[in-house]
K.L.:
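If you scroll down you'll find the structure; I have some questions about it.
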Amino acid sequence: MKTLEHLLAPIKVRSLEIPNRVVMPPMGTALGNADSTVSEANLAYIKRRAEGGAGLIITEITEVHPLGSAGPRCIAVWDDKFIPGLARLADVVHAQGSKIAMQLHHTGRENYLLQRKKKAIGPSAIPSYIFGFLGAPLEMTLEDIEETIAAFGSAAVRARKAGFDAVELHGAHGYLLMQFLSANSNQRTDKYGGDFRGRSRFMIECLEEARKQVGPDFPISIRISGEECIKNGYTIADMQTIIPDFVSAGADMINVSFGTHGSPEVNIDTPNPSAPIEYDPGFKAHLARKIKEVTKVPVISVGRYVDPYAMDDVIARGDADLIAVARQHLADPDFLKNAKEGHPEDTLECLACNQGCIERLALEVLPIRCAINPQTGQELIYPAGPAAVSRNVWVVGGGPGGLTAAFEAARLGHQVTLFEQEKETGGNVRYAAKGPHKEVYGRYIKTLTANCKKKGVDIKTNTEVTETMIEAGKPDIVILAIGAGKSTCPAEGINSSVVCDAWQIMDGDVKPKDHVVIIGGGLVGMETADFLREKGVKGITIVEMLAASPVLAMAAHGYMLHKRLEAGGIKLMLGTTVKLITEGSVVVTQNGEDRKIEPVNQVIVAIGVTPRNTLKDMLLKKGIRHFIVGDAVAPRRIIEATTDGAKAAWEI
């Protein structure tokens, strides 16, 4: 029987009572002011998360020292001038009935900006796996170490003065405290180096200093990576040996995460601590259980949690005392509230795509968002509604952009009709959902469609909108979310009987065959290859005209996809074009030379899509106010489609 009994039970950490066992862990947002003070955007963002009812909210990384700052938009606590803004952050969370902890953080060598200036510091002058191309950090002197330890203590005092309920020291994910712990980054020969226990000294002294400065009753958490998850990294068995020392030094709670800043060459587990969709919710619960074996203080489990009932199970079986729920708080912060109120089916489940969160911050250097929740990171411009005037709104197209536009327009009080020419909503996401590990994409479309109907959206499938229909229906606003059509391939023989397209394969209209060539190595082509691999198809070759793969291996899903295809023996030919298709072979051009691939029993075209222009000219001619969103503008990702759709609805 499903229950939330254990998840909703309060828990005490020293004198602090946390109302339930759900923790929102730290997630970088880059929403802070340019001077690292708390911004209005920070306040609005954290308020919306706290409204979901998590018992404990832990702030994003909060810098304890200028030489440990990840960037100007990261909030800081290294001076008293930051206290007023931080106090407002605490007040916002307390007003929602939750408790708040501040995560105290120092980047160490994992700092692009300071590495460029040759000012980044670390336990040893060993280059980072990520930023090593910029050189090695400066090795910290004993004076540097003493100054940094003091900074953690002073930061803890400021957190208490600002009204926070607790602090957490960030000793995970390859940042400074963990850099001292890891033999991959610490090769010191003094008392802060040596064996694992020697390398733990810096973390222990930071805890001791924080405890000394805040006194005996103020709760302190330590976030750790239970295992390093890279070659020659430390293990959970190693970590078990020093947990009692952390507790003796002042830790009242252990937040057990995993992983570090690695690279494809050294990773032996997830591509980064924000695991992609390939990993099941709760897949690292065993690490928390291992830590519970050696301590009596509360332990937090981390690992792509999305379902409150599954979280309850983890606590019930004794694996952990609390559950950290990160990206689900971005996708739908009401997941806990919905479960408590008896309608968990309304919750949009996190896709673990990282498009709006970790990869947006790390690869695009942009503030936090969410691919399926346009409110996230845009709380200040998100209209509460209702609109001053209710309009008759037609949405043409039922992919993510169209569905999001329809939901937002209906939420704001407009009369909304959505038309979809196919038999069901979803657009191209329907096909993506059929690939390995992508089932959640189908659930996303199903939930969003159901939520639209609950808001009063009239959804008409198998309906192609025509000029005559628009003239007769007289909509006030039309939102064109008609997506994109399949692009044509110029290769000779493209009309051969052996040729089909990726959509026909994914939809089951065409049966896959062995010895197949896929034209196009973007996400559609690679996921089609992955689909075929899982079906047991043999002899798969992907032909891509670009010299580098369009699917970034540094992105979490891209990393996993490349890894599976390589392990499956799938050949990826880059810088290659298809010249001629025959019934049994394909001629390609690579480096100016023609090569024949044979035998070939099937050719699958997956070269992308072209925006559809249907109805646009007519709407312009008749002066009907309209918006064009999603792939109808240009082929892009879900995050761009949902952003377009939401903003169209907000601007009505």
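Residues: numbered from 1 along the sequence shown.
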K.L.:
Under the rule for side chain to side chain donor-acceptor pair (under 3.5 Å), what residues qualify as partners of Glu527, not counting sequence neighbours?
P.N.:
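Listed in chain order: Lys438, His557.
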K.L.:
Listed by chain and number, what are the salt bridge (charged side-chain N to carboxylate O under 4.0 Å, His left out) partners of Lys292, not counting sequence neighbours?
P.N.:
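Partners of Lys292 by the salt bridge (charged side-chain N to carboxylate O under 4.0 Å, His left out) criterion, ordered by chain and then number, come out as Asp321.
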K.L.:
Among residues at least two apart in sequence or on other chains, which ones pass salt bridge (charged side-chain N to carboxylate O under 4.0 Å, His left out) with Arg595?
P.N.:
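Arg595 satisfies salt bridge (charged side-chain N to carboxylate O under 4.0 Å, His left out) with no residue once adjacent residues are dropped.
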K.L.:
Would the Tyr129 and His261 ring centres measure less than 6.0 Å apart?
P.N.:
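No; His261 has its ring centre 6.0 Å or more from that of Tyr129.
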K.L.:
Got a sec, which residues hit salt bridge (charged side-chain N to carboxylate O under 4.0 Å, His left out) with Asp312, two or more places apart in sequence or on another chain?
P.N.:
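By the salt bridge (charged side-chain N to carboxylate O under 4.0 Å, His left out) rule, Asp312 matches no residue at all.
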K.L.:
Hey, could you give me each pair passing ring-ring contact (aromatic ring centres under 6.0 Å, His included) that has a residue in residues 305-339? Not counting sequence neighbours.
P.N.:
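Residue pairs passing ring-ring contact (aromatic ring centres under 6.0 Å, His included), neighbours aside: His329-Phe335.
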K.L.:
Under a 4.0 Å threshold between the charged nitrogen and the carboxylate oxygen, would Asp334 count as salt-bridged to Arg48?
P.N.:
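A salt bridge is present here (some side-chain N lies under 4.0 Å from a carboxylate O).
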K.L.:
Any carboxylate oxygen within less than 4.0 angstrom of a Lys/Arg side-chain nitrogen, looking at Lys579 and Asp594?
P.N.:
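Looking at Asp594 together with Lys579, the answer is yes, because their closest N to O distance falls below 4.0 Å.
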K.L.:
Quick one: list whatever passes side chain to side chain donor-acceptor pair (under 3.5 Å) with Thr577, sequence neighbours left out.
P.N.:
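Applying side chain to side chain donor-acceptor pair (under 3.5 Å) to Thr577 gives none.
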K.L.:
Tell me every residue that passes side chain to side chain donor-acceptor pair (under 3.5 Å) with Lys571, counting only those two or more places apart in sequence or in another chain.
P.N.:
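Result, side chain to side chain donor-acceptor pair (under 3.5 Å) vs Lys571: none returned.
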K.L.:
I'd like to check the salt bridge (charged side-chain N to carboxylate O under 4.0 Å, His left out) partners of Glu566; sequence neighbours left out, ordered by chain and number.
P.N.:
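With neighbours one apart ignored, the set is empty.
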K.L.:
If you look only at pairs with a residue in residues 534-547, which of them pass as a salt bridge (Lys or Arg N to Asp or Glu O under 4.0 Å), with sequence neighbours excluded?
P.N.:
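Those involving residues 534-547 do not exist here.
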K.L.:
Please identify each residue that fulfils side chain to side chain donor-acceptor pair (under 3.5 Å) with Glu583, with sequence neighbours left out.
P.N.:
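Counting only residues at least two positions away or on another chain, Glu583 forms a side chain to side chain donor-acceptor pair (under 3.5 Å) with Ser496, Ser497.
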K.L.:
What side chain to side chain donor-acceptor pair (under 3.5 Å) pairs are there with at least one residue in residues 426-437, not counting sequence neighbours?
P.N.:
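Residue pairs passing side chain to side chain donor-acceptor pair (under 3.5 Å), neighbours aside: Asn428-Trp503, Lys434-Asp507.
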K.L.:
Using ring-ring contact (aromatic ring centres under 6.0 Å, His included) as the criterion, list what pairs up with Tyr112, not counting sequence neighbours.
P.N.:
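Residues passing ring-ring contact (aromatic ring centres under 6.0 Å, His included) with Tyr112: Phe131.
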